[in-house]
Amino acid sequence: EPEVTQTPSHQVTQMGQEVILRCVPISNHLYFYWYRQILGQKVEFLVSFYNNEISEKSEIFDDQFSVERPDGSNFTLKIRSTKLEDSAMYFCASSEEGSSPLHFGNGTRLTVT
Amino acid sequence: GEDVEQSLFLSVREGDSSVINCTYTDSSSTYLYWYKQEPGAGLQLLTYIFSNMDMKQDQRLTVLLNKKDKHLSLRIADTQTGDSAIYFCAEGPQGGKLIFGQGTELSVKP
């Protein structure tokens, strides 16, 4: 069964550094998302992306964050200058249409030291 | 704002039925979902129900939706040790912005 894949599974970075989290959505899906889960807290929506542009973003998704679909298969989340509070599990998801169920990847655990 | 609430823990014996409950606030939700998260793994879509349905059955899983009370439940029949995981309820309109509950940790004892 096709799945969403994320790399790396774990990323450690120093405060102030830039990180790029990578995702390969399911190939025929058109809608892409990033969510995050801070340890012990709920899974939170960050951003949705369709037709090469952001369709919705949460208040968490400030100017430090950006998303890109650099080619036909990858979908990336960039955090420009990481803070300690960015430490979390970041999940990528995709859906076939805007009204279809979301399929999530296994996540990237980001640790900012 | 929208909110989804679940109890944090549930413990059952192998072979028993498990019932995980969830309440939500957004009456405009189109879909309600159940995701399963095993340790170190991602969010696995278990099942989902359209908001105009009141029940959906899929093998050992039964989802019940009470729209009036905004209550969703997931029943797992004949629970196995492999069902031990965290189960997340989520609601969403179209467009993929899901609101998640805090997750219910299901522990299955042999």
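Keep in mind the model is a prediction, meaning the values are calculated, not measured.
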Quiz item: Is the shortest heavy-atom distance from the side chain of A:F49 to the side chain of A:I54 under 4.5 Å?
Solution: yes
Practice problem: Pick one of side chain, backbone, both or neither for B:Q37, based on which atoms fall under 4.5 Å of a heavy atom in chain A. | Solution: side chain
Quiz item: Got A:R36 and A:D86 here, is their nearest side-chain heavy-atom distance under 4.5 Å?
Solution: yes
Quiz prompt | Inter-chain contacts: residues 45-66 of chain B against chain A, heavy atoms under 4.5 Å | solution = B:L45, B:Y48
Quiz item: Non-hydrogen atoms of chain B under 4.5 Å away: do they reach the side chain of A:Y50, the backbone, both or neither?
Solution: neither
Quiz item: Are any of the side-chain heavy atoms of A:C92 and A:F75 separated by less than 4.5 Å?
Solution: yes
Quiz prompt | Residue A:Q37 versus chain B: region with a heavy atom under 4.5 Å | solution = side chain
Self-check item: Test item: B:K109 and B:E14 side chains (from C-beta on) under 4.5 Å apart, heavy atoms
Solution: no
Exercise. Could you walk me through whether B:Y87 and B:S18 pass the side-chain hydrogen bond (donor to acceptor under 3.5 Å, both in side chains) test, one step at a time?
Key: CA-CA 11 Å; B:Y87 290 81; B:S18 309; over 6 Å; no
Self-check item: Contact check, side chains of B:N21 and B:H71, non-hydrogen atoms, under 4.5 Å
Solution: yes
Quiz prompt | Straight-line distance of B:S73 OG to B:R75 CZ, nearest 0.5 Å | solution = 9.5 Å
Self-check item: Shortest non-hydrogen contact from A:I38 toward A:E85
Solution: CD1-O, 4.2 Å
Quiz prompt | Residues from residues 104-113 of chain A approaching chain B under 4.5 Å (heavy atoms) | solution = A:F104, A:G105, A:N106
Quiz item: Does any pair with a residue in residues 67-79 of chain A pass side chain to side chain donor-acceptor pair (under 3.5 Å), and if so which ones, sequence neighbours excluded?
Solution: A:D71-A:S73, A:D71-A:N74
Quiz item: Is there side-chain contact between A:H29 and A:E97, with heavy atoms separated by less than 4.5 Å?
Solution: no
Quiz item: Are B:W34 and B:T104 side-chain neighbours, meaning at least one heavy-atom pair lies under 4.5 Å?
Solution: no
Self-check item: Flag side-chain contact, heavy atom, 4.5 Å: B:L98 against A:L102
Solution: yes
Exercise. For the residue pair A:N51 and A:E53, confirm or rule out a side-chain donor-acceptor distance under 3.5 Å.
Key: no
Practice problem: Determine which residues belonging to residues 8-16 of chain A lie within contact range of chain B, meaning some heavy atom pair is under 4.5 Å apart, and list them by number or answer 'none'. | Solution: none
Practice problem: Indicate the ring-plane relationship of B:F100 and B:F88, choosing parallel, tilted or perpendicular according to the 30° and 60° boundaries. | Solution: perpendicular
